[in-house]
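What follows is a set of notes on a single structure, which appears directly below.
Throughout, a chain's letter reflects where its sequence line sits, starting with A, and its residues are numbered from 1. Just so we're clear, the structure is a prediction, and the values are computed from it rather than from any experiment.
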Number of protein chains: 2
Amino acid sequence: MKLDPRHLEILAAIVESGGLTEGAALLGKSQPSVSRSVSLLEDRVGEPLFLAARRPLQPTELGLALAQEGKRILEAGRHASWLVDEHRQGLSGAVRVAGTPIFMDGVISSVIAEFQAEHPNIRIDQSYGYPAELLSKISSETLDVAILPIRPADLSEEYEFRQILPGRNVIACRVGHPLARKTEVKLEDITEYSWIAPPANSPLFRDLRNTLDGIGVRELKISFTGGSLSAVVNVLAGSDSLTVLPFSVVFMMQRQNMMTSLPIKIGDPDRHLGCVMRRDRRMSATSNRFLAFVERKFELLDRLICKA
Amino acid sequence: MKLDPRHLEILAAIVESGGLTEGAALLGKSQPSVSRSVSLLEDRVGEPLFLAARRPLQPTELGLALAQEGKRILEAGRHASWLVDEHRQGLSGAVRVAGTPIFMDGVISSVIAEFQAEHPNIRIDQSYGYPAELLSKISSETLDVAILPIRPADLSEEYEFRQILPGRNVIACRVGHPLARKTEVKLEDITEYSWIAPPANSPLFRDLRNTLDGIGVRELKISFTGGSLSAVVNVLAGSDSLTVLPFSVVFMMQRQNMMTSLPIKIGDPDRHLGCVMRRDRRMSATSNRFLAFVERKFELLDRLICKA
DNA sequence: GATCAATATAACTTTGGGTTATGAAGCTCG
DNA sequence: CGAGCTTCATAACCCAAAGTTATATTGATC
């Protein structure tokens, strides 16, 4: 005997509110409607659910027991509705975000931390990757947002790009590095130090090559390569090596007195950091909320950096 | 946003069974039906519930969360159905039964105990009362079954009567009473003992008067009156007083060596013990089951008594 | 790319829940 | 105890939607 869950809901409402009319009001239906629903339920059950000819409508034992189940159904339904609302407002669910390792660890992660403090019900699925693969993941909808240093012109029409920071690289070194004390650093000062290089396939590695080419460094001694940001930071802190990093990353690290940048002007990359997503905007409300948050935070960060 | 609980059930079935077709089978519906129900639910929710263009149909986060609620609904519904089945088979619910105090305490209560051992989900609401009031309770449907010593002819057409024991009274005394040892007790032996009388308004009290009148006892010394069966038993056990009780009660008490009956023949009452209920048989399956049980048990008891 | 299985769509029927209007039946109270 | 009020039941209608079968699409798989 399969019962209609809506009937059980109605029964629960009636029992809870103590009357057929009140129950109808509670459910936002008309009184005759619930009256008939109850009759139908009674027909199917084959037993009376209310004591006949009693005015303060009194449920039978069975009626009471079924109303109990109806209450469960009502609550499950309410919870489901709540879940939907949360989801539609982008207050729950998950955002799949990925980016290049150095940026993610150096800048984005702290923004994500702030976001999670504000939205504890939203899960962030973070991963790392370089532009080509992340764009394909965006296409196949296995990724919601990519945060990449990229040349906007390189991007196909399929994607939307929102710049969050202008590209700007600096030469970084440990705090207390011999060169860091100088007010001006010249080319020949640099050449004697060895270099820490990002992974060879990363955009940053190309930036490093371009930068050093630009300032005339032909031959570079590479003392360490391939590590994550924290590896780079540790090696940097424990040696006099130099490296090329986005200024934003150095800026964040400066706060923790982990590293500093040399007062030497190097060419900026033609890539800019920004969020990439599908242009068709079939993104969840949650992703949109995350996106807006990131943009807002980076706007603030950009201002701070400009002042520095 | 109010969601249809049936949609959530369907969603749960699909997610649980891993496919739309299997889900449909699980619910005993056609595949197109559930397919459309899901579309409808998705329309209302405004978000996809399944990842598009994926063959082993995979729910989204929201889909999964809603399916969880659907499962709750499904389970509540199943439990409700189970409750109905139990009720219809008379395996749950309550029976309101009442009877005269002496019979209830002396005989019926142990039958009720057996019944409850067999049907732990059925509640017995027992109460005491004398015929007139119990019959009116039957009429007003505040009582399901009355167990009464009654003259069937006295009963109006409204009621149905089912005899469970023939009326038979005896004179009872404590085990070890001086008269109990004799093989034959004569009238003059009895007259010197005082009597324990049931409450004055009880049928049994009239039986006592009639009995003693019948055997020629004119003047009776009443030493105790008005108590319940256990009071009577205690007083009886602690004195040489006599009383008149239904043989069935004495029979049950004999098993516990609490009392015995005198070997003297007294007139039987024209009342018989039986179950009374409304003739229209608008009784719950539960009450019917109880009734059948009582009749069965008393049939056995009757045989035992006849042998004794 | 052909094939197979799973899902979606179409077209139609039927159930039943929604409504308003109205009738019947308990309760309350003078 | 009957007038009056409130609450519940019925009637008549409409329409949303669940159910059906038949068929088209679409992924997955080889």
Counting only side-chain N and O atoms of A/Arg44, is one of them less than 4.0 Å from OP1 or OP2 of C/dG16? yes
For the pair made of CG in B/Leu41 and P in C/dT7, what is the distance, rounded to whole Å? 17 Å
In terms of the nearest nucleotide of DNA chain C, which residue is placed more toward the 5' end: A/Gln31 or A/Arg6? A/Arg6
So, is A/Ser35 close to the D/dC8 phosphate, meaning a side-chain N or O under 4.0 Å from OP1 or OP2? no
Rounded to the nearest Å, what distance is computed from the NZ atom of residue A/Lys2 to the C1' atom of nucleotide D/dG19? 15 Å
So which nucleotide from D/dA9, C/dT19, D/dG19 ends up closest to the side chain of A/Leu20? D/dA9
So does A/Ile138 get a backbone contact from the side chain of A/Thr142, meaning a donor-acceptor N/O pair under 3.5 Å? no
Could you tell me how far apart B/Leu51 (CG) and D/dG27 (P) are, to the nearest whole angstrom? 13 Å
Distance check needed: D/dC8 C1' versus A/Ile10 CD1, whole Å only. 15 Å
So, under a plain 3.5 Å distance rule, would you say the side chain of A/Arg36 forms a donor-acceptor pair with the base of C/dG18? yes
On DNA chain D, nearest-nucleotide positions of B/Val34 versus A/Thr21: which is more 5'? A/Thr21
Using only atom types and a distance under 3.5 Å, with no angle test, would you say the side chain of B/Arg96 pairs donor to acceptor with the backbone of B/Val145? no
Rounded off to whole Å, could you give me the CG-to-C1' distance for the A/Leu3 and C/dG16 pair? 16 Å
Rounding to an integer number of Å, can you tell me how far A/Leu8 CG sits from C/dG17 P? 12 Å
In terms of side-chain heavy atoms of B/Pro32, which of C/dT7, D/dA18, D/dA22 is nearest? D/dA22
To the nearest 0.5 angstrom, please state how far the CZ atom of A/Arg123 sits from the OG1 atom of A/Thr286. 10.5 Å
Find out whether A/Tyr128 and A/Thr100 are in side-chain contact, i.e. whether some heavy atom of one side chain is under 4.5 Å from a heavy atom of the other. no
Side chain of B/Leu40 (C-beta onward), nearest among D/dA18, D/dT20, D/dC8: D/dA18
Any side-chain heavy atom of A/Pro203 within less than 4.5 Å of one from A/Arg271? yes
Distance in angstrom units between A/Asp4 CG and D/dA17 C1', rounded: 12 Å
Would you tell me if any nitrogen or oxygen in the side chain of A/Ser33 comes within less than 4.0 Å of OP1 or OP2 on C/dG17? no
Mind calculating the distance between CD (A/Gln58) and P (C/dC27) to the nearest angstrom? 11 Å
Phosphate-side-chain proximity, A/His7 and C/dG17, N/O vs OP1/OP2 below 4.0 Å: yes
